[in-house]
Number of protein chains: 2
Amino acid sequence: MATIKDIAEAAGISIGTVDRIIHNRGRYSRATADKVRRIMKELNYSPNIHARGLKKTRNYSFAAVIPEEYQDSGYWKLVADGINRASEELSSFCKKAEMYHFDRYSSDSCVHTLKSALDSGCDGILIAPVIPEAVQDVLGDADIPFLFIDTDIPDENKRIAYIGQDSYQSGVLSGKLMLMMLKKEVTNNGEYILIIDPPGSNYHLKSRIAGFRSYMEKNCTSLMLKQVKIDTDDERLFHSEIAGHIKETEQLPCGIYVANSSVYYLASYLEKLTEKYTGIPVIGYDLIPGKERFVENETINFILTQQPEEQARLGLMMLYDVLVLNRHPESEVIMPLHIITKENLHTFRKEIFQTG
Amino acid sequence: MATIKDIAEAAGISIGTVDRIIHNRGRYSRATADKVRRIMKELNYSPNIHARGLKKTRNYSFAAVIPEEYQDSGYWKLVADGINRASEELSSFCKKAEMYHFDRYSSDSCVHTLKSALDSGCDGILIAPVIPEAVQDVLGDADIPFLFIDTDIPDENKRIAYIGQDSYQSGVLSGKLMLMMLKKEVTNNGEYILIIDPPGSNYHLKSRIAGFRSYMEKNCTSLMLKQVKIDTDDERLFHSEIAGHIKETEQLPCGIYVANSSVYYLASYLEKLTEKYTGIPVIGYDLIPGKERFVENETINFILTQQPEEQARLGLMMLYDVLVLNRHPESEVIMPLHIITKENLHTFRKEIFQTG
DNA sequence: CTATTATGCGTGTACGATAACGCATTCTAC
DNA sequence: GTAGAATGCGTTATCGTACACGCATAATAG
C-alpha cells in the first residue's frame with residue numbers, strides 16, 4: 001500500500017505538502033496539487049485507517065435526537081438500543097454519543113430538544129425528523145453535519161445521509177403474505193380483513209397501510225377491508241379498545257394487519273381469548289426483545305422488520321465515517337425488509353439482539 | 001482510555017517491561033508481573049487497536065479452501081465473492097487471503113489442495129469441509145488456526161469457529177411457504193409437489209429436503225411428494241432432464257421445490273414454456289447476481305438464503321480477529337435465514353451485492 | 001575475588017497520518 | 001529599494017504499541 005511518504009517521494013516534495021493538499025488545508029500551489037492528485041490515483045493511495053485513528057486530535061462527540069422510547073408502541077426503544085450499541089463500539093475510539101429524547105407529538109418539545117443537542121457542542125447529529133417542520137426550523141442555522149434516520153426530509157439538501165425503510169413496500173408485502181394465508185377461496189359473504197391503524201399517525205404508518213390496501217385492492221377485490229383506528233399506546237387500554245372491534249357476537253375478521261409493533265398488544269389480547277379466536281392470520285412489525293413467544297406460538301404469523309436498531313447504529317457509524325475518517329458514504333440507505341416467522345425466528349435472534 | 005504508558009507510570013516501571021509482561025515475552029520478575037496485571041485490571045486497560053494495527057510487524061496471510069466455483073450450481077461462486085470482498089477489506093491492513101479450489105467430489109483433490117494451502121505458509125485457514133474425513137486427515141497435524149464455513153465437523157475441537165446455516169429449518173420454512181401458496185384446498189386426485197434434488201449430494205441438500213418433507217408430511221398428508229434427482233450441473237442438460245419430468249401430456253406439479261440455486265435453471269426452463277405452465281409456485285435458494293429477473297417476474301416465488309457471501313466474509317474477518325487482534329469470537333455462528341420475494345427483493349440488492 | 005552468565009528492565013525507533021510551526025522565497029506597496 | 005505581507009513548502013513532534021538492543025545488577029562458577 002502506498003503511503004503519503006511514497007507520494008511525497010514520487011512528487012519530489014515533502015509529506016507535509018502532500019497532507020495539506022489531501023486535506024485542502026494550508027497553502028500549496030495549483031501545479032503541485034495537480035501532480036500530487038495524479039500520483040495518488042496512480043499509486044491507488046488510500047489512507048491507513050490505523051495511523052489516522054491513532055492520531056486522535058479531538059474527542060468527537062455525537063448527539064442522537066429521537067422520540068421518547070415508549071412512544072410508537074416501544075419502537076423507539078429499539079432505535080435507542082441501536083444507538084447505545086453504536087456508542088459502545090465507538091467508545092473504543094474515544095468517541096461519545098449522547099441521546100436526547102423528545103415528545104413526538106409536540107413540536108415544541110422537538111424544537112427544544114434539538115436546540116439543546118446543538119448547544120451541547122457536539123460534532124454531528126443523528127435525528128429522527130418525525131416532525132419535519134420543527135426540525136427544519138432549527139436546522140436552518142446549524143453548522144454541524146446531521147443525518148436523518150427513520151423519516152427523510154428529501155428537500156433538506158444539507159443532510160449528509162438518510163437511513164430508512166420502504167414502508168409502502170412492506171405494506172404491499174404484508175398484503176401478499178396475508179392473501180397467501182387465507183387458504184380458502186374468499187367468498188363475499190361478509191368476510192373481512194381488519195387493518196389496525198395504531199396510535200400515533202406518522203408517515204410510515206400511513207404508507208404501510210396504503211401499501212397493504214393497494215395490494216389487497218389489486219389482488220382480492222372480493223374481500224372487505226375494515227380499518228380501525230386505535231388511539232392508545234397503553235397495553236390494557238389497547239385491549240379494551242380492540243375488544244370493541246373483535247366481538248364474539250359478530251363475525252370475526254379472517255385476517256388482521258397491524259401497521260406497527262403494537263401487534264404485540266393485539267397478540268396478548270388474542271392469546272387470552274377462547275379457542276374460537278385462534279388461528280386468525282396476524283401480520284405486524286418489529287422484533288421486540290422478550291416477545292418472541294407470540295411468533296413462536298403463531299399468535300403472530302409474520303413479523304416484518306427493517307431493523308430499527310441497525311438503522312440507528314449505521315447512522316452513528318456514518319457520522320463517524322464522515323467526521324473522523326473523512327469518508328463520503330451513500331446519501332440514502334434503505335434497509336433490507338426482513339420477513340420473520342416461526343420457522344426462521346431463531347436464526348435472527350443473535351443478529352438482532354446482539355451484534356447486528 | 002488507559003495506555004501502557006499509564007500502566008508503566010502507575011507501576012513505577014517502563015513501558016518496555018509492561019509490554020513484555022503483556023506478551024509473555026522476554027524477561028521480567030514475578031512480582032512486577034503481578035503488580036502490572038493488577039493495575040491493568042484496575043485501569044481497565046485494553047490495547048488501542050489502531051496503534052496495534054499501525055505497527056505491521058508481519059504480513060499475515062490467510063488461505064481459503066473451498067470447492068470449485070461452478071460446483072453446486074454456482075453456489076461456491078457466491079462464497080468466493082465473499083472471500084474476495086473480505087480480502088479487499090483486509091488489504092488495507094496489509095493482510096492477504098489466497099483462495100484454493102478443489103473438486104468437491106474428489107477426496108484426493110480436497111486433501112491435495114488443503115495440503116498446498118497449509119504448505120503455503122499462511123497463518124490461518126478457512127475451510128469448507130464438505131468432505132469431512134479428507135479434511136480431518138490433513139488437519140490432524142496442522143498447527144495453524146482454522147475455521148469452518150458451510151459444513152461443520154463438530155467433533156473437531158481444534159477449530160476456532162464454525163459459520164453456517166440451518167438447512168433443515170430452511171426446508172421446513174420452504175414447506176410452510178409452499179403450502180401457503182397452494183390456495184385451494186388440496187384434493188387427492190393426483191396432485192403432487194415436485195421436489196428437485198439437485199446435482200451433487202451434500203449434507204445441506206439432504207437436510208433441506210428432509211426439512212421440507214417433514215413439514216409437508218405433518219401439515220398436508222393429502223398431497224403427494226414426487227422427488228426427482230437431477231444429475232447435471234449444466235443448464236442445458238438440466239433443461240432436458242427436467243423436460244422428462246414436467247410433461248405437457250401428464251399432470252403438472254402444483255408446486256416445485258428446488259433444494260439449491262439450480263432453481264434458476266428450472267426458472268429459465270419454465271419461462272420458455274407455454275402459458276399453461278405459468279403460475280406454478282416455485283421455491284429455491286440463493287440470490288445469484290444477474291438472475292433477479294426470475295424473482296421479479298415471479299417465475300420463482302420465494303428465494304431462501306443464508307448469505308453465503310457473508311458467511312465467507314465473516315469467516316475471514318474472524319481469522320483476522322483471532323490472529324491479528326487476539327480476540328476470541330463466538331465459536332458457532334448461524335446466519336439469519338432470509339426470505340426473499342418479489343416485494344422485498346430490491347431492498348436486499350445493495351446489501352447482498354455490494355456491502356454485505 | 002574475578003570471570004561469566006542470568007535476570008530485570010530502560011531506551012530507542014518504527015509504523016503512517018496529522019498538524020503546528022517556521023523558514024525561505026516571491027510579491028506588493030510606499 | 002526596502003519593509004512587510006503573502007505564498008509555498010519542509011521539519012518535527014505526536015498518537016500507542018511492538019520489539020530489538022543493550023545496560024546494569026545479581027547470581028553463579030572457577
Side-chain angles (χ1 to χ4, degrees), chain A residues 1-37 39-40 43-60 91-95 123 320-321 323-327, chain B residues 1-37 39-40 43-60 90-95 123 320 323-327:
Chain A
M1 279 309 245
T3 71
I4 55 169
K5 197 177 159 194
D6 298 328
I7 296 168
E9 274 169 21
I13 53 174
S14 78
I15 60 166
T17 309
V18 176
D19 176 70
R20 259 172 273 125
I21 290 167
I22 290 176
H23 296 286
N24 275 320
R25 134 168 39 109
R27 302 178 295 243
Y28 51 83
S29 72
R30 182 66 200 274
T32 322
D34 287 345
K35 192 203 268 180
V36 164
R37 280 193 257 270
I39 293 172
M40 271 170 49
L43 298 185
N44 192 22
Y45 171 79
S46 100
N48 181 313
I49 64 162
H50 290 309
R52 206 168 239 189
L54 187 54
K55 190 89 180 66
K56 65 156 199 296
T57 55
R58 266 181 76 190
N59 272 348
Y60 285 92
S91 73
S92 62
F93 307 114
C94 295
K95 311 292 175 298
D123 306 286
Y320 175 80
D321 269 15
L323 281 165
V324 183
L325 303 182
N326 238 333
R327 289 194 186 143
Chain B
M1 285 304 250
T3 70
I4 56 168
K5 196 177 159 192
D6 298 329
I7 295 168
E9 273 168 23
I13 53 174
S14 78
I15 58 165
T17 309
V18 175
D19 176 71
R20 259 169 272 127
I21 290 167
I22 290 175
H23 297 284
N24 276 318
R25 136 169 37 109
R27 302 176 296 241
Y28 52 84
S29 73
R30 182 66 198 276
T32 321
D34 288 345
K35 194 203 268 182
V36 164
R37 280 192 257 270
I39 293 173
M40 273 170 47
L43 299 185
N44 192 21
Y45 171 79
S46 97
N48 181 313
I49 65 164
H50 291 309
R52 191 167 258 189
L54 187 54
K55 187 86 178 72
K56 62 160 203 291
T57 55
R58 264 181 80 189
N59 273 349
Y60 283 91
L90 290 173
S91 73
S92 62
F93 308 113
C94 295
K95 311 292 175 297
D123 307 286
Y320 176 80
L323 280 166
V324 183
L325 304 181
N326 240 333
R327 288 192 187 145

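Just so you know, these numbers use all the heavy atoms, side chains as well, and skip hydrogens, waters and symmetry mates.
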Between [atom2] on [N] and [atom1] on [X], what's the gap in Å once rounded to a whole number?
{"X": "B:Leu54", "N": "C:dT13", "atom1": "CG", "atom2": "C1'", "result": "13 Å"}
{"X": "B:Asp19", "N": "C:dG10", "atom1": "CG", "atom2": "P", "result": "13 Å"}
{"X": "B:Asn48", "N": "C:dG16", "atom1": "CG", "atom2": "P", "result": "16 Å"}
{"X": "B:Ile21", "N": "D:dA18", "atom1": "CD1", "atom2": "P", "result": "14 Å"}
{"X": "B:Arg27", "N": "D:dC19", "atom1": "CZ", "atom2": "C1'", "result": "14 Å"}
{"X": "B:Asn24", "N": "D:dA18", "atom1": "CG", "atom2": "P", "result": "13 Å"}
{"X": "B:Ile49", "N": "D:dC15", "atom1": "CD1", "atom2": "C1'", "result": "14 Å"}

According to a strict under-4.0 Å criterion, is [X] in side-chain N/O contact with OP1 or OP2 of [N]?
{"X": "A:Thr17", "N": "D:dG8", "value": "no"}
{"X": "A:Arg25", "N": "C:dA19", "value": "yes"}
{"X": "A:Tyr28", "N": "D:dG10", "value": "no"}
{"X": "A:Ser29", "N": "D:dT7", "value": "no"}
{"X": "A:His50", "N": "C:dA17", "value": "no"}
{"X": "B:Arg52", "N": "D:dA18", "value": "yes"}
{"X": "B:Ser14", "N": "C:dG10", "value": "yes"}
{"X": "A:His23", "N": "C:dT18", "value": "yes"}

| message | To the nearest 0.5 Å, what is the distance between OG on B:Ser29 and NZ on B:Lys35? | response | 9.0 Å
| note | The reported gap from OH in A:Tyr45 to CD1 in A:Ile4 (rounded to nearest 0.5 angstrom) is 6.0 Å
| query | Where each residue is assigned the nucleotide of DNA chain C containing its nearest heavy atom, which of A:Ile15 and B:Thr32 is assigned the position nearer the 5′ end? | reply | B:Thr32
| Any side-chain heavy atom of A:Asp19 sitting closer than 4.5 Å to one from A:Arg25? | yes
| query | Taking side chain as C-beta onward, heavy atoms only, is A:Met40 less than 4.5 Å from A:Ile22? | reply | yes
| task | Evaluate side-chain contact (heavy atoms from CB on, under 4.5 Å) for B:Leu43 paired with B:Ile7, printing each intermediate quantity in order. | result | CA-CA 8 Å; B:Leu43 299 185; B:Ile7 295 168; 4.2 Å; yes
| message | Is it the case that C:dG10 (base atoms only) and B:Arg20 (side chain only) share a donor and an acceptor within less than 3.5 Å, ignoring hydrogens and angles? | response | yes
| query | In terms of the nearest nucleotide of DNA chain D, which residue is placed more toward the 5' end: A:Ile13 or B:Ala51? | reply | A:Ile13
| Sugar-phosphate only, base, or nothing, as touched by A:Ile4 at under 4.0 Å among non-hydrogen atoms | base
